[in-house]
Each structure stands twice: as structure tokens, then as C-alpha cells.
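Below, read A as the first sequence line, B as the second, and so on, with proteins coming before strands; counting in each chain starts at 1. Keep in mind that what you see is a predicted model, and the values were worked out from it rather than measured.
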Protein chains: 2
Amino acid sequence: MLTQTVVRSAALRFGPPSRMVPVMPRAEARPAFGASDRAGSLDRTMRLMGTVISYPRGAEVFGEEEPADYIYKVVSGGVRTYKILGDGRRQIGAFHLPGDIFGLESGDKHRLSSETMADTRVLVVKRSALNAVAGRDASIAQELLALTSRQLEHMQRRILLLVKSARERVATFLVEMSERSPQSNTVELPMSRQDIADYLGLTIETVSRTLSYLQCSAMIEVPTSRRIVLRDRPALDHMNG
Amino acid sequence: MLTQTVVRSAALRFGPPSRMVPVMPRAEARPAFGASDRAGSLDRTMRLMGTVISYPRGAEVFGEEEPADYIYKVVSGGVRTYKILGDGRRQIGAFHLPGDIFGLESGDKHRLSSETMADTRVLVVKRSALNAVAGRDASIAQELLALTSRQLEHMQRRILLLVKSARERVATFLVEMSERSPQSNTVELPMSRQDIADYLGLTIETVSRTLSYLQCSAMIEVPTSRRIVLRDRPALDHMNG
DNA sequence: CGATGCGTTGATAACTTTCAAATTTAGTGG
DNA sequence: CCACTAAATTTGAAAGTTATCAACGCATCG
């Protein structure tokens, strides 16, 4: 009962950051968590108060249990948050794309670790500074609250996702990604199959097979392993609920 | 692929509230979400400002999408929050026992419905009134924030739970319930097998079989279907991580 | 009693994982 | 630029897990 791939997990999955990969070309994806970009004062404030830091692919931005002193916004590239489970498996909390704000824990410690999925630039803002501004500027406080609220909603959807079948999970994931994508029907995946599997609570093999199935069923096309074209959105939507 | 039990779901699972059942005897369980009871100002404030309302078993406290104008605290009995999925399945969000505060949505609409699992008394407080007090009394605001934070953590644990095997889910559920129980090793379940199944994303048959398995393995005893004695806590804990 | 709802158990089918191998892709060095 | 190596992805076959369908037991209630 899940004695499973501790070796595979530890040895293969979390090896040293491998070779470089071109930074994702996606310009400004619609964020899942971040304030929408045209929006507002929060974005401006963060740009004013923050510093942009560049990380190579596979770098750790923050670790689990570290004090949550900063708030982050992806400028370019991509970040995944994750947690290593007792049995060596990895559960991914979220994928953060350009425009997304992350590291917004309600406590004072990070509950997840985070690392880059590609060469990534991140805007870093001191939490205390942002809180100070929020104390003075209600619209900032409101935006921060809205962010937290959106995260809660996302977790709620996530819970609903995890009780569904593999096909539904993968289909939902693709639709979700496409909604964050600039081109509505083509999804450029910044993450590996292993990342997707750990996000959906499946194995890479099941993810791969499911994608093959969706392709055979003409719901999607997979021109390259990291690019997926949604061919039959209604059918994919239908697998959600 | 989950064409499944729409009939069973709709017809059997959500019929009219069935016969009465003695209100749970559990006096004051340790709450999972609520402020701890010995605590504080929030509890006092709610008691001062609130009204106690009694519901029969199976009554709806609030419905999905309804405006979230009130905050609730279970006085006696028990409440489940849930959502009906597109395919007729039901996902349970949480079980609230005496002392627990619920209905604390971050938005202005409820994202889940809620109904009583037994005859239940609930303390109801107008959200606007509580917010007004929170504006003046920082300790109240803090307690409310802590509540939200705890809910986020709970959802996080929930996500971790849902990627595990049936045995792990049930074991984790029992441990979680026992930690909220006044008697440390005996758990009085206020909910049906169907409730547990919908909470864990399993079927009633799997829940039942898993409980039988845990009993055969001498990890638990099941004197009556609603009462479970944890016999081997270390073994049960070990199934978590 | 006989009906009804809930929980348990059994047999089978469907789904997902595991283990293994083939295939493709990406990076490296000549 | 091409061949070579390592990594990622896909595919296959078998095993394991969970759901489904069906039957049964056991209370409660009229």
C-alpha cells in the first residue's frame, strides 16, 4: 500500500536542476491567483516597493517552514509550490505563471516549498512593507483579501477535482491552463509530466495515457509534449461538471 | 467513466430528512475550526450578539450561493457543508461539531450548502455586526483571521488526504475525528457512512470494507456502526505521513 | 409481522498503478 | 552539423485498488 516509488521519487524526481531551457515565451498569461494585470494599485505598489530577482531553472525560491517574510509575483518564467509527503511522494500545490502572486500565506511560515520550473524572474516585496501600505490604503488591503479569497476558491475546486477520475482531472487541468493562456486554444505547458502528475495526484504514466486517449478521441492535439491544442472544448468542459 | 449512481445519488441520498435520532450526547468536542472554547473574546462576543436557533435533523442552515450574512457556531448536534456536483455526486466540505464556527466564507456568498446531521442548536451572529466589533477590537479581528487561517490549513490537509489510498483516507479521518473527540480513543460518529464516503471521495462500500479491514487488523473496534474505538493509534498515525 | 433505511459482504468489472521496455527529445562533444 | 548520451515521454502487460451491482442482515417503526 504505497510502499511505492520512494526511490524513484527521491533519486529521479528531485535530482539537481537539469540543463537550461529557454524561458517560456508566454508574455502575460491571465493569472489564476494574481490580481488581474490591468488592475491596480497593488500591482503598482509592488512594482514600486519590490525588487526583481532572477533565478535559474530549478532554483528554490523559498522552503517549507521558512518564515514568510516576502510576497512574490512572477514576472517571467514559472514557479511551482510543493510539499514532500512522508512516503517520498510530492504533492504540488500550484503552478504560478507570469502575473501570479504567490507566497501569500495566512500564517507567518510557508506551508509549502517553491521552486522555478524554468529560468524565472520574480518580483519580491517585503510583507511587512506591504502590510504597512495596506493599513493605510484600503484598496490594497481589499486586493490582498481578494487574492486570499481566490486562493480559497482554487483550493475548493482542487478538492472537487481530486475526487474525479483521471480523465476528468486531466481534462479539467487542460481547460484551467488554457484559461490562463494568452492564446485561447493552445496551451504551452511550462511543467513536466511529473509535475502534472504530482499536481493531479496521478502517475506520469496515467497522465501520458490519458493525454493519448484525449488525442485519439480528437479532443486535443499534442504537437509536442509541452504544447497542447484544445480541439473540442465543449467535450472537455463536459468532463468537469 | 462515472455515468454511475445518479439515480442512487438523487433518489436515495437526498430524500426527505428521515426519522429522528437522539441528539448527539457529545458535550463539548474540541473544535477543528472554531476558536478553542476556553478562549476568548470572540466566543463571548458571539454569545452576546447572537441568537440560538434549533433545527431538526436534516434541516438546511444555508444554501449554496445564498448571501453569507451570518456566521454560525454549533452549540449542540452537528452540521455538514456540501456541494452537489454536476454528475449528481455530493462532495462534503466539512463536518462541524459543537464549538465549531462555520459559514465564514471569504466572499459574500456561500460556496457550499449546509445542513444538520442531527437535531442541532446553532448560535447565529450577523456578520456585519461581528465585523463592526472586529473593527474596534483587534483581538476579535485576530481570532477571525486565525479561524480563516485554520480553514486554509484544513483544506491543505484535505488535498493531501485525497491523493492517498482508501485505507489511509479512512485511517486519517478516524484520527482526525478522535482528536476532536472528548474521549480520546472512542469516536462517536455523528454522520452516516454515506457522509463519510462523500467526505473522503469514496463509496460507502469501500468505507465499510475499509473499516472491516481495520477491525480485522486490530487497529480499531466497531462496537456499533456509529461508535469506533481506536485500538492502535501508532499504526493509524503511521498511515498518514 | 412487513416495510424501510442503513450498513455489511460478495462477485465482478473498471480504473489506476506498477514494472518493464521502446521511443522520442534535448543536450554534448566532436 | 552529426552522432552520442541522458532524460523525458510514451506504450505494453500484469497486478492492485476501488467502484459497481447484487444480496443479505439488522435494526426501527408503523
Side-chain angles (χ1 to χ4, degrees), chain A residues 1-9 11-22 57-58 87 89 117-118 162-170 189-198 200-216 222-228, chain B residues 1-9 11-22 57-58 87-89 117 162-170 189-198 200-216 222-228:
Chain A
M1 109 216 22
L2 292 166
T3 341
Q4 62 156 194
T5 29
V6 178
V7 173
R8 173 208 243 169
S9 307
L12 296 182
R13 288 160 65 175
F14 312 123
S18 36
R19 66 214 78 298
M20 290 310 204
V21 143
R57 173 195 165 110
D87 57 7
R89 279 175 303 172
M117 298 186 288
L162 290 178
V163 304
K164 298 202 238 166
S165 71
R167 280 180 193 176
E168 292 173 296
R169 293 188 215 186
V170 172
L189 296 174
M191 73 291 283
S192 69
R193 294 285 186 270
Q194 185 67 63
D195 287 337
I196 299 173
D198 290 345
L200 299 177
L202 300 169
T203 60
I204 43 174
E205 292 95 332
T206 299
V207 171
S208 183
R209 265 186 261 273
T210 305
L211 288 172
S212 299
Y213 165 82
L214 293 174
Q215 189 171 26
C216 289
V222 189
T224 78
S225 72
R226 294 288 184 109
R227 167 177 297 131
I228 294 182
Chain B
M1 84 201 64
L2 291 165
T3 343
Q4 60 153 197
T5 27
V6 179
V7 173
R8 174 209 243 170
S9 306
L12 297 183
R13 287 162 63 176
F14 312 121
S18 38
R19 68 211 72 302
M20 290 309 201
V21 143
R57 172 194 165 112
D87 57 5
R89 281 175 302 171
M117 299 186 288
L162 290 178
V163 304
K164 298 202 236 163
S165 71
R167 281 181 194 175
E168 292 173 297
R169 292 188 216 186
V170 173
L189 297 174
M191 72 290 284
S192 69
R193 293 286 186 270
Q194 185 68 63
D195 287 336
I196 298 172
D198 290 345
L200 298 177
L202 300 169
T203 61
I204 43 173
E205 292 94 333
T206 299
V207 171
S208 183
R209 264 186 261 272
T210 304
L211 288 172
S212 300
Y213 165 81
L214 292 175
Q215 189 170 25
C216 289
V222 189
T224 77
S225 72
R226 293 288 184 109
R227 167 177 297 131
I228 293 183

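- The nucleotide whose nearest atom lies closest to any side-chain atom of A:Glu205 is, among D:dT20, D:dT9, C:dT18, C:dT18.
- With hydrogens and angles ignored, no donor-acceptor pair closer than 3.5 Å exists between the side chain of A:Arg89 and the base of C:dT17.
- Counting to the nearest Å, the C1' atom of C:dT16 and the CZ atom of A:Arg167 are 12 Å from each other.
- If you measure from atom CG of B:Leu211 to atom P of C:dG7, you get 11 Å, rounded to the nearest angstrom.
- For the pair A:Thr210 and B:Ser192, both in contact range of DNA chain C, the more 5′-proximal nearest nucleotide belongs to B:Ser192.
- With contacts defined as side-chain heavy-atom distances shorter than 4.5 Å, the pair A:Leu211/A:Arg193 qualifies.
- B:Glu168 and B:Ser165 form a side-chain donor-acceptor contact under 3.5 Å, judged by distance and modelled atom types alone.
- Taking atom CD of residue B:Gln215 and atom P of nucleotide C:dG7, one finds them 15 Å apart after rounding to whole Å.
- At a threshold of 4.0 angstrom between heavy atoms, the contacts of A:Arg226 are confined to the sugar-phosphate backbone, with no base atom among them.
- Distance, A:Ile204 CD1 to D:dA7 P: 14 Å, rounded to whole Å.
- For A:Glu205 and A:Ser208, the side-chain atoms include no donor-acceptor pair closer than 3.5 Å.
- In this entry the distance linking CG of B:Leu202 with P of D:dT20 reads 11 Å, nearest Å.
- Protein atom CE of A:Met191 is 16 Å distant from nucleotide atom C1' of D:dT9, rounded to whole Å.
- Nearest-nucleotide positions on DNA chain C place A:Val207 closer to the 5' end than the other of A:Val207 and A:Thr224.
- The shortest distance between the side-chain N/O atoms of B:Ser165 and the OP1/OP2 oxygens of D:dT17 is not below 4.0 Å.
- Side-chain atoms of A:Arg209 and base atoms of D:dG12 include a donor and an acceptor less than 3.5 Å apart.
- Computed from coordinates, the A:Asp87 CG to C:dT17 P distance equals 13 Å when rounded to whole Å.
- With values rounded to the nearest 0.5 angstrom, B:Thr210 atom OG1 is found 6.5 Å from B:Leu202 atom CG.
- Side-chain atoms of B:Asp195 and B:Met117, non-hydrogen and from C-beta on, do get closer than 4.5 Å to each other.
- In terms of phosphate contacts, B:Thr206 brings a side-chain nitrogen or oxygen within less than 4.0 Å of OP1 or OP2 of D:dA19.
- The interatomic distance linking B:Leu200 (CG) with D:dT18 (P) rounds to 12 Å, in whole Å.
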